[in-house]
Amino acid sequence: MPAFLVRPASLVTIPFIPLPGVPVTLPSLASSLSDSVTAAAARLGLSELAPQVRRSEHADFQADGVLAAARILRRRPRDVAAEVVAALPADGLVAAAEVAGPGFVNLDLTDRALLAQLADRLAAPRLGVGTPETGVTTVIDYSQPNIAKEMHVGHLRSTIVGDALVRILEHLGGAVVRRNHIGDWGTQFGMLIQHRVEHPEPVDTTDVTTMRRLAALYRRARAKFDADPGFADRARQRVVALQAGDPQTVAAWRDIVAESTRYFTDVYDRLGVRLTDADAVGESAYNAVLPDVAADLERQGVAVTSDGALCVFFDDVRGPDGEPTPLIVRKRDGGFGYAATDLAALRQRVTELRADRLLYVVDARQALHFRMVFDTARRSGWLPPTVPAVHVAFGTVLGPDGRPFKTRAGDTVRLVDLLTEAVDRARDVVAAKNPGLTGAALDERARQVGVGAVKYADLATSRTRDYTYDPQRMLALAGNTGVYLQYAHARIRSILGRAGGAEAAVDPTAALDPAERALILDLDTFADTLTEVVAGYEPHRLCGYLYRLAQTFTTFYEHCPVLRAEAPTRGNRLALCRLTGDTLRTGLELLGIDAPDQL
RNA sequence: GCGCCCGUAGCUCAGCGGAUAGAGCAGGGGACUUCUAAUCCCAAGGCCGCAGGUUCGAAUCCUGCCGGGCGCACCA
């Protein structure tokens, strides 16, 4: 069983001993408490009790599960809960434990335990976040733009969600292979190249304008293809020439691909996304192995010929007419479609890249396609049972009218335009709030804030649901936005800067303010949150966590002066600032959002 | 017809077996000689689409409806 499938079994209490250089997960207070309750249950012989410790409004934590256990034991829940409370180990962790309601166990921790945890987490490498992904190789497919087409807002989610997952998996010690499966092959290149041959144009130097012209060329070629049968014929011949490897045609195709790739790189740089040329493996890269993919499937009997096409059939996949709908590996005309390409890529990712896990960050509309591809790969043995393949689906972008966002020419919102507007708006706000900032420094800050806002807006909602493209929401700089987190972080850096040296010494004997308690409790769940994010490939949970943390910090900020406080409170509050600041910065980095020291 | 996703405050969304369902935005009222007011506080706002079922306990799990989006043979 791969390491990432093993759920941490917190049945045994293991003292946390950080080894130098070895990143270990610092057990959270919740997991320590869970151990305590389990120990109490064991002492009482209550094997039926599976405690679920979670945060509570009525106490620091509540332990659930007593009600279910009492039901099995046919005993009064409150009696069982009282016994558990009485049997809790006296380890200095729990300050107060009481039975509440029908049989809940409310648990309050001692200030000392909270402060000790704060000190441990500050001292631990990497904020106590371990590397559970060590030894696991993930191949993740995301972004997937098309050559000769501009990237629009529909590409944003795949690119940003994928980038965040890459960062998080790598942070947890995993090896991640990024694959940008670019659409660089197909019949549309025939008309594109033919049009260019018939109407040669000088190549511009700036990437974005080049791309804009290339996209316009695409539209003109398309129009001519539809209107002029003679041109359509020449375009079809051009496709044949391209596939046959005609040098002049291939050279033209390479030019178009190169222009587009430069443009993609430019967009990725603006976005601060870690995708490079090396990660771009276009569909054309698999051309040579497609015949073998087909032959292998056919030899194994997974694929059969139907209506002249090589098809894989599925018991439960049928069309509106009730007839089975196959995955078409090879078309009747002998050509290969994207199913063949995806299968070839999958096989290569497992066999050559040694993937332990395959992720595809792709629009939810491709769900059936991926089901068929994965099923085919399982049947053919290319995808072993030990390797999970997950379609990390996200909802469709809807237009301002609530209708699906159309990608018709002229109707798309260019990603570049969205980013430009975001940065422009951010520049206005930054300049107004911070008049001292000018020139390149202002531009950089505007970029960090503007792009951060767009990314956060896209990452913060759960990825499965459709979402409405709403520039006002994406570009907002107030409320639950990326800026709120950046602002909280900047305030913290400001305090730490004013404090000067390393005064963040924790004194565990001090008494805690409620706002300080709440902050320690929130800070403690960072590592657990990352585990949740990976379990469901859901970066929005990290957004939710960071927003909550920033809110809790702001409450602390309002109630608890740091620099004016006396020792030992001052040292403890500085420690809280430091840990909160580091957690916010690390969390934002994992989302791909910059956390400048000043706004 | 079958399949996938989604119905939670006026709007955009969290919460996905635990006690009285939470944010943000919009609208109403208030707080800047203070560690950054890009902030905070207060009030207001809800048959969690509907109906059954499972459970000590359901917005959360199951079934069936209703409503919306998407997909279902040679485009990707």
Side-chain angles (χ1 to χ4, degrees), chain A residues 52 54 56-58 62 64-65 67-68 70-71 77 100-104 106 144 146 181 183 185-188 283 306-311 313 316-333 335-339 341-342 363-369 371-372 391 393-396 398 402-404 426 429-430 432-434 449 457 460-462 464-468 470 472-473 476-481 483-484 486-488 490-499 540-541 543-544 547-548 551 554-555 557-565 573 577 598-599:
Chain A
Q52 297 155 284
R54 64 192 90 203
S56 171
E57 302 167 45
H58 310 282
Q62 64 184 47
D64 299 330
L67 280 154
R71 175 80 180 164
F104 299 112
N106 286 349
Q144 306 119 350
N146 290 312
H181 196 76
W185 200 249
T187 51
Q188 74 274 19
E283 293 171 337
S306 166
D307 256 358
L310 186 64
C311 299
F313 286 95
D316 51 351
V317 181
R318 288 170 188 279
D321 52 4
E323 292 300 305
T325 302
L327 184 75
I328 294 174
V329 179
R330 191 181 57 221
K331 295 183 285 185
R332 187 165 32 193
D333 66 5
F336 295 99
Y338 77 135
T341 312
D342 278 345
D363 191 301
R365 285 176 288 193
Q366 302 289 329
L368 180 60
H369 168 70
R371 231 190 84 201
M372 295 196 290
H391 174 204
F394 54 88
T396 309
L398 304 179
R403 305 289 305 166
V429 176
V430 170
K433 304 269 183 187
N434 190 350
V449 170
T461 61
S462 66
T464 44
R465 68 192 297 151
D466 292 350
Y467 79 108
T468 306
D470 178 359
Q472 269 202 309
R473 187 174 53 82
L477 298 178
N480 182 1
T481 62
V483 194
Y484 183 86
Q486 291 172 322
Y487 182 61
R491 283 166 138 185
I492 291 167
R493 292 293 157 221
S494 173
I495 293 173
L496 293 172
R498 285 168 193 274
H540 83 280
R541 290 183 184 276
C543 294
Y547 183 66
R548 227 173 302 124
Q551 279 182 313
T554 303
T555 303
Y557 184 90
E558 304 275 338
H559 285 85
C560 304
V562 178
L563 299 175
R564 279 181 278 117
R573 289 181 179 172
C577 287
Q598 294 172 0
L599 280 191

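In what follows, chains carry the letters A, B, and so on, assigned in the order in which the sequence lines appear, proteins first and then strands, with residues in each chain numbered from 1.
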Counting the atoms with a prime plus P, OP1 and OP2 as sugar-phosphate, which does A:Asn434 contact under 4.0 Å by heavy atoms, base, sugar-phosphate, or nothing?
nothing

N/O donor-acceptor pair under 3.5 Å between A:Arg54 side chain and A:Asp64 backbone
no

Euclidean distance for P, B:A19 against B:C35 (whole angstrom):
41 Å

Measure from the side-chain heavy atoms of A:Lys331 and tell me the nearest of B:C70, B:A76, B:A73.
B:A76

Suppose you measure atom C1' in B:C61 against the same atom in B:C16; what distance do you get, rounded to whole Å?
9 Å

For A:Tyr547 and A:Tyr484, take the angle between the two ring planes, folded into 0 to 90°, and tell me which bin it lands in: parallel under 30, tilted 30 to 60, perpendicular over 60.
tilted

By the 4.0 Å heavy-atom rule, please label A:Cys311 as base, sugar-phosphate, or nothing.
base

What integer number of Å spans the C1' atoms of B:U39 and B:C25?
16 Å

Answer whether the closest heavy-atom distance between the side chains of A:Tyr557 and A:Ile495 falls below 4.5 Å.
yes

Roughly how far apart are A:Thr464 OG1 and A:Tyr467 OH, rounded to 0.5 Å?
13.0 Å

For A:Ala490, report the nucleic acid contact type (base, sugar-phosphate, nothing); a contact means any heavy atom under 4.0 Å.
base

To the nearest 0.5 Å, what is the distance between CD on A:Glu283 and CG on A:Asn146?
7.5 Å

Would you kindly compare A:Val483 and A:Pro320 by the position of their nearest RNA chain B nucleotide and give the one closer to the 5′ end?
A:Pro320

Which listed nucleotide (B:U36, B:C6, B:C74) is nearest to the side chain of A:Asp307?
B:C74

Quick one: CE on A:Met372 to CZ on A:Phe313, what's the gap to the nearest 0.5 Å?
10.5 Å

Donor-acceptor contact below 3.5 Å, side chain A:Asn434 vs main chain A:Leu599
yes

When all nucleic acid strands are considered with a 4.0 Å heavy-atom cut-off, which category describes A:Val430: base, sugar-phosphate, or nothing?
base

To the nearest Å, how far apart are A:Glu558 CD and B:U36 C1'?
11 Å

On a whole-Å scale, what distance lies between the C1' atoms belonging to B:C66 and B:G28?
37 Å

Stepwise, does the side chain to side chain contact (heavy atoms under 4.5 Å, CB included) test hold for A:Val562 with A:Arg498?
CA-CA 10 Å; A:Val562 178; A:Arg498 285 168 193 274; over 6 Å; no

Considering only atom C1', compute the distance from B:G27 to B:U34 and round it to an integer number of Å.
30 Å

Around A:Gln366, counting heavy atoms of other residues, nucleotides and ligands shown, do more than 12 lie under 6.0 Å from its CD?
yes

For the pair made of CZ in A:Arg71 and C1' in B:U54, what is the distance, rounded to whole Å?
12 Å

B:U36 OP1/OP2 closer than 4.0 Å to side-chain N/O of A:Ser494
yes

Note: for A:Leu599 and A:Tyr338 on RNA chain B, the residue whose nearest nucleotide lies more 5' is A:Leu599

Find the distance A:Asp321:CG to B:C2:C1' and express it as a whole number of Å.
11 Å

Secondary structure of RNA chain B in dot-bracket form (Watson-Crick or G-U wobble, distances below 3.5 Å, | marking inter-strand pairs):
(((((((..((((....[...))))..((((.......))))......(((((..]....))))))))))))....

Looking at every strand, decide which applies to A:Gly319 at a 4.0 Å heavy-atom threshold: base, sugar-phosphate, or nothing.
base

Rounded P spacing from B:G24 to B:C65 in Å:
39 Å

Per-nucleotide protein contact string for nucleotides 11-29 of chain B (B base, S sugar-phosphate only, - none; heavy atom under 4.0 Å)
-SSSSS-BB---SSS----

d(CZ, A:Arg330; C1', B:A73) in whole Å:
15 Å

Mind checking if A:Arg332 touches a base, just sugar-phosphate, or nothing, with heavy atoms under 4.0 Å?
base

Rounding to an integer number of angstrom, what distance separates B:C47 and B:G22 when you compare their P atoms?
15 Å

Distance between P atoms of B:A58 and B:C74 (Å, rounded):
49 Å

Separation of atom CD1 in A:Ile492 from atom C1' in B:U36, rounded to whole Å
12 Å

Base, sugar-phosphate or nothing for A:Tyr484? Non-hydrogen atoms, less than 4.0 Å.
sugar-phosphate

In whole angstrom, give the distance that lies between atom NE2 of A:His559 and atom C1' of B:A31.
13 Å

Within the pair A:Lys433 and B:U39, is there a side-chain N or O less than 4.0 Å away from OP1 or OP2?
no

From the list B:C72, B:U34, B:C74, which nucleotide is the closest neighbour of the side chain of A:Leu368?
B:C72

Starting from the C-alpha separation in whole Å, work towards a yes-or-no answer on side chain to side chain contact (heavy atoms under 4.5 Å, CB included) for A:His369 and A:Asp342.
CA-CA 10 Å; A:His369 168 70; A:Asp342 278 345; 2.6 Å; yes

With a 4.0 Å limit, can you tell me whether A:Thr187 has a side-chain N or O closer than that to the phosphate oxygens OP1/OP2 of B:C75?
no

Taking atom types as they are modelled, would you say the side chain of A:Tyr487 forms a donor-acceptor pair with the base of B:A38 within the 3.5 Å cutoff?
no

Measure CD/A:Gln366 against P/B:C4 and give the value in whole Å, please.
17 Å

Regarding A:Gln486, tell me which of base, sugar-phosphate or nothing describes its non-hydrogen contacts under 4.0 Å with the strands shown.
nothing

Could you state the CG-P distance from A:Asp363 to B:G69, rounded to the nearest angstrom?
16 Å

Side chain to side chain donor-acceptor pair (under 3.5 Å) with A:Asn106: which residues, sequence neighbours excluded?
none

Using 0.5 Å steps for rounding, measure from the CG atom of A:Asp307 to the NZ atom of A:Lys331.
15.0 Å

